[in-house]
Amino acid sequence: MRAVLIRGAAPYGEQPLDLLLADGSIVATGPAAGADERAADAEIVDGAGLVVLPGLVDLHTHLREPGREDAETVASGSAAAALGGYTAVFAMPNTDPTADTAGVVEQVYRLGRDVGLVDVQPIGAVTVGRKGERLAELAAMATSAAAVRVFSDDGDCVSDALLMRRALEYVKAFDGVIAQHAQEPRLTQGAQMHEGEVSARLGLTGWPAVAEEAIIARDCLLADHVGSRLHVCHLSTSGSVEVVAAAKRRGTTVTAEVTPHHLLLTDDRVVGYDPVFKVNPPLRTAGDVSALRKALADGVIDVVATDHAPHASQDKETEWDNASPGMLGLQTALSVVLQTMLLPGLLDWRGVARVMSETPARIGRLTDQGRPVATGEPANLVLIDPDAGWTVDGDSLASLSGNTPFQGMELPGRVVATYLRGRCTVSAGMLAGR
Ligand code: DOR
Ligand code: ZN
C-alpha cells in the first residue's frame with residue numbers, strides 16, 4: 001500500500017503539521033514526516049485548513065443485515081459510516097436472525113471485514129431472540145472470532161431485574177459490558193411520543209421520562225451490587241442525567257451515550273405527524289436538550305452514539321401509530337455535534353474526539369481505534385473541513401433508507417477524507433475508488 005503524506009492538517013484544530021501514513025500507522029509527524037524516506041513516493045494530500053481527528057467510533061448502529069437488507073446492509077451502512085468520518089461501528093443485534101449466537105456475530109463481523117470500509121464490531125444480544133426470557137450464549141460470542149464485548153437487547157429493555165443481574169455478573173468474566181435500552185415496558189405500553197404538553201395537546205399516548213429514569217436507577221444499583229460495567233444507551237432526559245451523575249459520584253462503573261437527534265430536536269416536531277420524527281426513546285423537551293448538552297460537556301454523558309436506524313419506506317412512510325421508530329444518523333452525526341456542542345463552545349475539538357472516538361472505543365474495548373493522532377499510532381483518521389457547510393438531503397445519503405430527520409437543514413462541517421489503517425476510504429467527500 002502506498003504511503004500517504006498529509007500536509008498541513010491541524011490535529012484537534014491545533015497547530016497544523018505534516019503526517020506520514022505507512023503500513024497502517026502514523027509513522028512520522030511534523031518535519032520528520034517530509035524528511036522520512038517513505039515520503040519520497042507517497043501520495044500527497046493537501047490538508048491546509050482541515051482538522052484531523054482520530055476516526056470516529058459509533059457504539060450504536062443498526063445495520064439490518066441479516067434479515068432486512070432492503071433497509072440497510074453491512075455494505076451500505078459501512079459506506080454511510082465512512083462518509084460520516086467513522087472508522088468503526090458497533091452493530092446492534094436486533095437483526096433477523098437475532099445476533100445471539102457465535103455463528104451470527106461471526107457472520108456480521110466477516111461481512112464487515114469483507115466490505116472493508118470500517119471495522120464492524122458486532123454487539124451480541126443479552127437474551128435469546130431478545131425475548132427477555134433467558135440469557136443468550138454470551139461467553140460463546142465473547143470467545144468467537146468477533147470477540148464480542150458489548151451486549152444489548154436494544155430495541156427492547158432487559159426489564160427483568162434478575163436476568164439483568166445475571167447478565168451483569170456473567171460478562172465480568174470477559175470484561176464485557178451490558179448496554180441497556182432503558183424503557184420500563186409497563187410504563188410505556190402503547191406510547192407514541194414523549195409524555196408532556198405536546199402529547200396532551202395531540203392526544204397521543206405518552207412515554208414518560210420516569211420510564212427511562214427508573215430503569216437507569218435500578219441498573220446502576222445492580223451494577224454496583226455485582227461490581228460490573230453498565231452502559232446506558234441513548235439517554236434522553238434531564239432526570240436520567242441526574243441519576244447517572246449521582247451514580248458516578250458514588251463510584252458506579254456506568255457510562256452513558258446521547259444521540260445527535262436528542263441533542264438537537266424536540267418533541268414539538270411531532271405536531272405535523274411526520275413519522276420521520278418518531279424514535280425510541282422519543283424526542284424530549286427543550287429543557288431536556290439543554291441538560292443533555294451540558295451533561296455531555298461536563299462528562300456525565302460519556303459519548304455520542306448515533307442510534308442510526310434505517311427503515312424502508314413502507315415501514316416509515318405510513319401513519320404515525322404504525323410507523324417504525326428510528327432515524328438515520330451516521331452521515332450527519334459529526335455535523336450535528338459541531339452545531340450543538342462545538343460552535344456554542346461546549347466542547348472543543350479535543351472534546352469532540354473524546355466523545356465520538358476515544359471513549360466509545362474504550363467502552364467497547366477496541367484497542368486500535370480511538371487512539372491519539374500521534375507517531376506510532378494506527379492510521380485511523382478523519383479529515384474535516386470545519387468551514388464548509390452543507391444541506392442534508394436524504395436521497396444523496398449512502399444509506400439504503402432515507403429517514404433523516406435533518407432533511408433540508410444546513411449543518412456545519414464536512415468530512416473530506418477518512419483513513420482506515422492508512423487506506424483511504426473517503427476522499428474529496430466521496431467513497432474512495434468509486
Ligand atoms: O428508534 C429506535 N429504533 N429505537 C430503538 O431502540 C431501536 C431502533 C431500531 O432498531 O429501529
Ligand atoms: Zn434503543
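The shown structure was predicted, so the numbers you read here are calculated from the model rather than taken from an experiment. Counting from 1, the numbers follow the sequence of the chain as shown. These numbers come from the heavy atoms of this one structure, side chains and all, not from hydrogens, waters or symmetry mates.
- Pairs of residues two or more places apart, or lying in two chains, never qualify as ring-ring contact (aromatic ring centres under 6.0 Å, His included) while including a residue from residues 279-330.
- When all heavy atoms are compared, the tightest approach of His60 to Thr306 is O-OG1, 3.2 Å.
- Once rounded to the nearest 0.5 Å, the distance linking CZ of Arg423 with OG1 of Thr87 reads 12.0 Å.
- Under the side chain to side chain contact (heavy atoms under 4.5 Å, CB included) rule, Trp207 has a single partner from Met193, Gln192, Arg284, Glu184, which is Arg284.
- The line from CZ of Phe151 to CD1 of Ile123 is 10.0 Å long, rounded to the nearest 0.5 Å.
- Formation of a donor-acceptor pair under 3.5 Å by the Ser228 side chain with backbone atoms of Glu169 is not found in this model.
- Counting heavy atoms from C-beta outward, Trp349 and Pro386 have side chains that approach closer than 4.5 Å.
- Between the side chain of Asn380 and the main chain of Arg421, a donor-acceptor pair closer than 3.5 Å is present.
- When atom types are taken as modelled, the side chain of Asp288 and the backbone of Ser238 share a donor-acceptor pair closer than 3.5 angstrom.
- Shown here for Ala82 and Thr425, the closest heavy-atom pair between the two residues is CB-OG1, 3.9 Å.
- The existence of a salt bridge linking Arg113 and Asp119 is confirmed by a sub-4.0 Å separation between a basic side-chain nitrogen and an acidic carboxylate oxygen.
- You'll find the side chain of Leu383 reaches within 4.5 Å of the side chain of Tyr419, heavy atoms only.
- At least one donor-acceptor pair closer than 3.5 Å links the side chain of Thr127 to the backbone N or O of Lys131.
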Q: Just do the side-chain contact (heavy atoms from CB on, under 4.5 Å) check on Ser357 and Gln369 with the steps written out, would you?
A: CA-CA 7 Å; Ser357 175; Gln369 295 279 351; over 6 Å; no
Q: Applying side chain to side chain donor-acceptor pair (under 3.5 Å), run through Gln331 and Ser399 and close with a yes or a no.
A: CA-CA 9 Å; Gln331 275 180 263; Ser399 177; over 6 Å; no
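- Contact check for Leu283 versus His261: side-chain heavy atoms found under the 4.5 Å cut-off.
- Identified under the ring-ring contact (aromatic ring centres under 6.0 Å, His included) test for residues 262-290, with sequence neighbours left out: none.
- In this structure the side chain of Pro54 reaches within 4.5 angstrom of the side chain of Val373, judged on heavy atoms.
- A side-chain donor-acceptor contact under 3.5 Å links Ser335 to the backbone of Gly413.
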Q: Determine, step by step, whether Leu111 and Val120 satisfy the side-chain contact (heavy atoms from CB on, under 4.5 Å) criterion, reporting the C-alpha distance in whole Å, the side-chain angles of both residues, the deciding distance to 0.1 Å, and the verdict.
A: CA-CA 8 Å; Leu111 282 166; Val120 173; over 6 Å; no
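- Between Glu14 and Arg350 the shortest side-chain heavy-atom distance falls below 4.5 Å.
- Annotation: the span from Arg229 atom CZ to Leu168 atom CG amounts to 11.0 Å, rounded to 0.5 Å.
- Using a distance-only test at 3.5 Å, with no hydrogens or angles considered, a donor-acceptor pair links the side chain of Thr252 to the main chain of Ala247.
- By the 4.0 Å N-to-carboxylate-O rule, Glu106 lies close enough to Arg110 to be salt-bridged with it.
- A donor-acceptor contact shorter than 3.5 Å links the side chain of Glu65 to the backbone of Val74.
- At least one side-chain heavy atom of Pro66 sits under 4.5 Å from a side-chain heavy atom of Val108.
- Going from atom CD1 of Ile178 over to atom NE2 of His231 covers 12.0 Å, rounded to the nearest 0.5 Å.
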Q) Should Arg293 and Leu263 be marked as a side-chain contact (heavy atoms from CB on, under 4.5 Å) after you check the CA-CA gap, both sets of side-chain angles, and the distance that decides it? A) CA-CA 6 Å; Arg293 291 184 187 183; Leu263 287 173; 3.9 Å; yes
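- The nearest pair of heavy atoms linking Ser144 to Val105 is OG-CG2, 3.7 Å.
- Scanning both residues, Cys157 and Ala182, for their nearest heavy atoms gives SG-CA, 4.2 Å.
- For the atom pair CG (Asp307) and CG (Leu330), the distance works out to 10.0 Å, reported to the nearest 0.5 Å.
- Pairs of residues two or more places apart, or lying in two chains, that qualify as ring-ring contact (aromatic ring centres under 6.0 Å, His included) and include a residue from residues 177-202 are His181-His234.
- By the 6.0 Å contact criterion, CZ on Arg250 is enclosed, its count of non-hydrogen atoms from other residues, nucleotides or ligands being greater than 12.
- Under 4.0 Å is where a charged nitrogen must lie from a carboxylate oxygen, and between Arg269 and Asp267 no such pair does.
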(Q) Set out, in order, the CA-CA distance, both residues' side-chain angles and the distance that settles side chain to side chain donor-acceptor pair (under 3.5 Å) for Glu72 and Ser401, then state yes or no. (A) CA-CA 7 Å; Glu72 197 78 290; Ser401 301; 5.7 Å; no
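- No side-chain donor-acceptor contact under 3.5 Å links Tyr170 to the backbone of Gly176.
- Within a 6.0 Å radius of CD in Glu137, other residues, nucleotides and ligands contribute 12 heavy atoms or fewer.
- For the atom pair CD (Gln183) and CG (Asp153), the distance works out to 12.5 Å, reported to the nearest 0.5 Å.
- Between Glu213 and Ile216 the shortest side-chain heavy-atom distance does not fall below 4.5 Å.
- In summary, Lys248 and Asp302 engage in a salt bridge, as defined by a charged side-chain N under 4.0 Å from a carboxylate O.
- Although no hydrogens or angles enter the test, the distance criterion places no donor-acceptor pair under 3.5 Å between the side chain of Lys316 and the main chain of Asn403.
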Q: Could you please spell out the steps behind the side-chain contact (heavy atoms from CB on, under 4.5 Å) verdict for Asp70 and Leu400?
A: CA-CA 7 Å; Asp70 56 327; Leu400 293 183; over 6 Å; no
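- Within the 3.5 Å criterion, the main-chain N or O of Ala179 finds no donor-acceptor partner in the side chain of Asp154.
- The closest side-chain heavy-atom distance from Cys220 to Leu230 is below 4.5 Å.
- When all heavy atoms of Val337 and Val352 are compared, the pair lying nearest together is CG1-CG2, 4.4 Å.
- Nearest heavy atoms, Ser78 versus Val118: OG-CG2, 3.8 Å.
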